[in-house]
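Structure first, then comments.
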Protein chains: 2
Amino acid sequence: MKEKIAGTGLKVTHQRMVIYDAVLQMNFHPTVEQIYEDIQGENPSISLGTVYKTLETFVEYGLIDRVFTEEGVRRYDPNLEHHGHIYCTNTREIVDYYSEELNEIITGFFKKRKVNNLKIKNITLQINGDKIDPDKDITIK
Amino acid sequence: MKEKIAGTGLKVTHQRMVIYDAVLQMNFHPTVEQIYEDIQGENPSISLGTVYKTLETFVEYGLIDRVFTEEGVRRYDPNLEHHGHIYCTNTREIVDYYSEELNEIITGFFKKRKVNNLKIKNITLQINGDKIDPDKDITIK
DNA sequence: TTTCAAGTTAAGAATGATTCCTAAGTAATA
DNA sequence: TATTACTTAGGAATCATTCTTAACTTGAAA
């Protein structure tokens, strides 16, 4: 983990390691506030401003991604692997969805088309739906 | 336009007509602030709080949609037709993208799969890329 | 090991985004 | 025209994020 941060050229500070580790373990696309509260117990001197600043620095250096939401609040994703998101409107959860097959289909679709005035970086899916049993996992096979 | 609002069961107030008309004409997924500034000249007595409340009421009653962004600010879309969004990282624009064909491909893909514990409502594309010439349109043929 | 420069952070203030409150206004019905 | 339930203005309050500056610390060089 230390190497991950160092590998970007950033200085490896205690605060950055704590925040990065917290984000890696929170696999539910947390807000800044959730991350701050998660680390507060063991690290009461890390300030909220530092958490805000550090997360945006991680995004800028490619360590994590922001998550698209319609909420008006920032959320973060440590998972840099190409994937889509399932937005559960009833439980407010955001769940990762992977499909190499569908990714290839969509990529192929756009390769066949003439794209003018746009350099495509990546294409992902936003899947909106309602979770049926909040206590069980969502699976798509 | 009046009928659209009335058709939802909402009272047709002057403020609602002004705000709805403004949103219909702003085809760039505006923020609340942008909508408020747009109507201020001709309607200085409509308050910012009213704009916030009215837009969320329109979403609740199915007149407009919220737009997914990673910004931490609310944006709105009057276009209810099923479509995806092209997010231009360099110009910060959000452009609508339609493809009935791709929509059918994706819908078909999920129909063939076993989806557990999720009732899918809709699936949209999130296309991230860089606009090449900011003054020209993006087209995908 | 020590030094030091450059980058980082704490703390709280400031700013921006959104929600709440209440008295006053008004759309729509009778 | 009267009435009522819903809506709104205006500004306060709350929440989300950024800024400022003095103090701290990382990491490279000596």
Side-chain angles (χ1 to χ4, degrees), chain A residues 1-23 29-61 63-64 66-76 92, chain B residues 1-23 29-61 63-64 66-76 92:
Chain A
M1 184 193 56
K2 202 166 179 172
E3 295 81 18
K4 272 285 204 171
I5 299 174
T8 66
L10 290 170
K11 284 189 176 182
V12 182
T13 67
H14 168 71
Q15 294 91 336
R16 284 175 174 168
M17 289 196 288
V18 166
I19 293 167
Y20 189 51
D21 187 53
V23 175
H29 311 93
T31 64
V32 178
E33 186 72 21
Q34 287 170 322
I35 296 163
Y36 176 67
E37 282 172 8
D38 184 69
I39 66 176
Q40 265 301 281
E42 310 265 310
N43 300 273
S45 65
I46 295 185
S47 75
L48 181 58
T50 295
V51 179
Y52 269 98
K53 186 162 175 49
T54 300
L55 289 168
E56 284 302 307
T57 298
F58 286 165
V59 170
E60 187 187 335
Y61 279 76
L63 287 165
I64 63 178
R66 285 195 225 99
V67 178
F68 284 74
T69 83
E70 56 181 19
E71 289 169 332
V73 70
R74 294 267 177 74
R75 283 186 181 272
Y76 294 92
R92 313 307 298 166
Chain B
M1 183 190 59
K2 202 167 181 173
E3 295 82 16
K4 272 283 204 174
I5 300 174
T8 66
L10 288 170
K11 283 186 175 181
V12 181
T13 65
H14 167 71
Q15 292 91 336
R16 283 176 175 167
M17 290 196 287
V18 166
I19 293 167
Y20 188 52
D21 186 53
V23 176
H29 311 90
T31 64
V32 178
E33 187 72 20
Q34 287 168 325
I35 296 163
Y36 176 68
E37 282 172 7
D38 184 68
I39 64 178
Q40 265 302 281
E42 310 261 312
N43 300 273
S45 65
I46 295 187
S47 76
L48 182 57
T50 295
V51 179
Y52 269 98
K53 185 163 175 49
T54 300
L55 289 167
E56 284 301 305
T57 299
F58 286 165
V59 170
E60 186 187 336
Y61 278 76
L63 286 165
I64 63 177
R66 284 194 225 101
V67 178
F68 285 78
T69 89
E70 57 179 14
E71 289 170 335
V73 70
R74 293 267 176 72
R75 284 185 181 273
Y76 294 91
R92 311 307 298 163

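First the proteins, then the strands, lettered A, B, ... as listed; each starts at 1. Since the structure is predicted, the reported quantities are computational estimates derived from the model, not experimental observations.
Within the 4.5 Å cutoff, side-chain heavy atoms of B:Val51 are placed close to those of B:Ile39. Residues B:Leu48 and B:Val32 form a side-chain contact, since some pair of their non-hydrogen atoms from C-beta on lies under 4.5 Å apart.
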Worked verdict on B:Ile46 versus B:Thr54 for side chain to side chain contact (heavy atoms under 4.5 Å, CB included) | CA-CA 11 Å; B:Ile46 295 187; B:Thr54 300; over 6 Å; no
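As rounded to whole Å, 14 Å separates atom P of D:dT7 from atom CE of B:Met17. Whole-Å rounding puts the B:Tyr61 OH to D:dC6 C1' distance at 10 Å. Atom CZ in A:Arg16 sits about 13 Å away from atom C1' in D:dG27, given to the nearest Å. We find that CG of B:Leu55 is positioned 15 Å from C1' of D:dT7, with the value rounded to whole Å. Going from atom CD1 of A:Ile5 over to atom P of C:dG7 covers 18 Å, rounded to whole Å. Summarising the geometry, the separation between OH on B:Tyr36 and C1' on C:dT18 is reported as 14 Å, rounded to the nearest angstrom.
Judged by distance alone, with hydrogens and angles left aside, the side-chain atoms of A:Arg75 form no donor-acceptor pair with the main-chain N or O of A:Phe68 at under 3.5 Å.
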Please enumerate all protein N or O atoms sitting under 3.5 Å from an N or O of nucleotides 13-18 of chain D, with distances to 0.1 Å.
from, atom 1, to, atom 2, distance (Å)
D:dT17, OP1, A:Arg74, N, 2.8
D:dT17, OP2, A:Tyr52, OH, 2.7

Protein-to-nucleotide contact annotation, 5' to 3' order, nucleotides 22-30 of chain C [B base; S sugar-phosphate only; - none; under 4.0 Å, heavy atom] = -----BS--
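Contacts classified as side-chain hydrogen bond (donor to acceptor under 3.5 Å, both in side chains) and involving residues 8-23 of chain B (residues at least two apart or in different chains) are given here: B:His14-B:Asn43, B:Asp21-B:Gln25. Within the structure, salt bridge (charged side-chain N to carboxylate O under 4.0 Å, His left out) contacts touching residues 34-55 of chain B (residues at least two apart or in different chains) do not occur.
Every residue meeting the salt bridge (Lys or Arg N to Asp or Glu O under 4.0 Å) condition with A:Arg66, not counting sequence neighbours, appears here in chain and number order: A:Glu56, B:Glu70. Remark: B:Glu60 engages no residue in a side-chain hydrogen bond (donor to acceptor under 3.5 Å, both in side chains) (not counting sequence neighbours).
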